[in-house]
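These notes concern the structure reproduced below.
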Amino acid sequence: MSTALAEPKQKVPQSDKSIGPTDAAISGSSANASNGNGAGTTQIVGFRIGNEEYGVDIMRVQEIILLGHITKMPEVPDYIRGLINLRGHVIPIVDLRTRFGLPRGQSDEHTRIIVVNVGDKTMGIVVDAVNEVLRIGAEQLEPAPSSIAGIDHAYIKGLIKFESKLLILLDIHAILTREDDAQIDKAAGKAGQ
């Protein structure tokens, strides 16, 4: 049986400051992934929603911040919590618990917003906790089983075999539909007037 990681896993620091791309846990990992030292490996930011563990490609992550004030928006799906002003940029915030059909949880000191880049847009995703940065090999990636890869689960990119568990790898591009994007843009335009 192969080992789960090519290198030791790295803990993502939990602090009162935002965790940006210049911090060691993320920028060091990104640099290793892009300089050829990690040939055949991918870096994943692991996080928890409820009792399940998920991951997203580190190259999509801009930064990780504390959950703060979110401005509510009218006429948007319930899983879109609203907007935040992140250093002069207004970005939409998606609650992944609600997006995945789970009841909205109570926020605590572990709740974070992962700011991700999706195409030419930036958005935040609310997660229960950010766990660690993982370096995974291609042999650890499995396609999503066809039984769950239907239209309702289009945001599942695959599964990661990690130690004795499975992590769900998300396709961050599929979290919001085009209709959601249009509603957010419309509501954000009204909020800016």
Side-chain angles (χ1 to χ4, degrees), residues 4-7 9-14 18-34 38 40-67 79-81 84 86 89 91-102 105 110-138 140-145 148-149 152-163 165-177 180-181 184:
L5 297 175
E7 293 181 14
K9 59 187 175 185
Q10 300 169 329
K11 291 289 184 188
V12 175
Q14 303 289 316
S18 72
I19 302 169
T22 58
D23 291 287
I26 291 182
S27 69
S29 301
S30 297
N32 290 341
S34 62
T41 63
T42 302
Q43 302 236 309
I44 303 295
V45 174
F47 57 91
R48 184 177 48 78
I49 301 170
N51 295 324
E52 299 300 326
E53 296 197 35
Y54 297 84
V56 65
D57 187 331
I58 199 168
M59 300 308 286
R60 299 280 174 225
V61 176
Q62 177 177 313
E63 61 188 301
I64 299 167
I65 60 175
L66 291 171
L67 182 66
Y79 59 84
I80 299 174
R81 278 216 187 166
I84 65 167
L86 183 64
H89 298 283
I91 63 170
I93 303 299
V94 175
D95 186 319
L96 284 189
R97 286 182 69 92
T98 310
R99 177 69 173 107
F100 295 164
L102 300 170
H110 301 291
T111 306
R112 295 289 185 270
I113 295 175
I114 302 176
V115 179
V116 294
N117 296 310
V118 182
D120 62 347
K121 294 192 177 197
T122 301
M123 71 175 184
I125 55 175
V126 177
V127 300
D128 292 345
V130 174
N131 298 333
E132 57 207 349
V133 174
L134 307 171
R135 183 181 301 274
I136 59 165
Q140 293 174 266
L141 291 173
E142 294 276 333
I148 65 166
D152 293 335
H153 296 85
Y155 42 80
I156 298 175
K157 191 172 191 175
L159 301 173
I160 301 167
K161 296 179 288 186
F162 175 69
E163 295 174 354
K165 57 189 172 190
L166 290 174
L167 278 77
I168 299 168
L169 182 61
L170 297 180
D171 180 356
I172 208 69
H173 290 277
I175 296 293
L176 292 181
T177 65
D180 294 338
D181 278 340
I184 290 169

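Residues satisfying the side-chain contact (heavy atoms from CB on, under 4.5 Å) test with Glu142, not counting sequence neighbours, are Leu159, Lys161. Every residue two or more places apart in sequence or in another chain that forms a salt bridge (charged side-chain N to carboxylate O under 4.0 Å, His left out) with Arg97 is listed here: Asp128.
Between Leu170 and Leu96, the closest side-chain pair of non-hydrogen atoms falls below 4.5 Å.
Proximity of a side-chain donor or acceptor of Arg99 to a complementary backbone N or O of Gly101 within less than 3.5 Å is not detected.
Here CG of Leu169 is found 11.5 Å from CD of Gln140. Values are rounded to the nearest 0.5 Å. Distance check: Phe47 CZ to Ile168 CD1 gives 9.5 Å after rounding to the nearest 0.5 Å. To the nearest 0.5 Å, the span separating CD1 on Ile113 from CD1 on Ile93 amounts to 4.0 Å. Note that CD1 of Ile84 is 4.0 Å distant from CD1 of Ile65, once rounded to the nearest 0.5 Å. Here Thr98 contributes atom OG1 and Ile80 contributes atom CD1; the two are 11.0 Å apart, rounded to the nearest 0.5 Å. Taken to the nearest 0.5 Å, the OG1 atom of Thr41 stands 4.5 Å off from the CZ atom of Arg135.
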Applying side-chain contact (heavy atoms from CB on, under 4.5 Å) to Arg81 and Leu67, what does each step give before you reach the verdict? CA-CA 11 Å; Arg81 278 216 187 166; Leu67 182 66; 3.7 Å; yes
Worked check of side-chain contact (heavy atoms from CB on, under 4.5 Å) between Leu167 and Ile136: CA-CA 11 Å; Leu167 278 77; Ile136 59 165; over 6 Å; no
Which donor-acceptor pairs under 3.5 Å do the side chains of residues 51-59 make with protein atoms, sequence neighbours left out?
{"unit_1": "Glu53", "atom_1": "OE1", "unit_2": "Asn131", "atom_2": "ND2", "d": "3.4"}
{"unit_1": "Glu53", "atom_1": "OE2", "unit_2": "Lys165", "atom_2": "NZ", "d": "3.2"}
{"unit_1": "Asp57", "atom_1": "OD1", "unit_2": "Met59", "atom_2": "N", "d": "2.8"}

Show me, pair by pair, the donor-acceptor contacts under 3.5 angstrom made by side chains of residues 114-127, not counting sequence neighbours?
{"unit_1": "Asn117", "atom_1": "OD1", "unit_2": "Thr122", "atom_2": "OG1", "d": "3.0"}
{"unit_1": "Lys121", "atom_1": "NZ", "unit_2": "Asp185", "atom_2": "OD1", "d": "3.4"}
{"unit_1": "Lys121", "atom_1": "NZ", "unit_2": "Asp185", "atom_2": "OD2", "d": "3.0"}

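Contact detail for Leu86 and Gln62: the closest heavy-atom pair is CD2-NE2, 4.2 Å.
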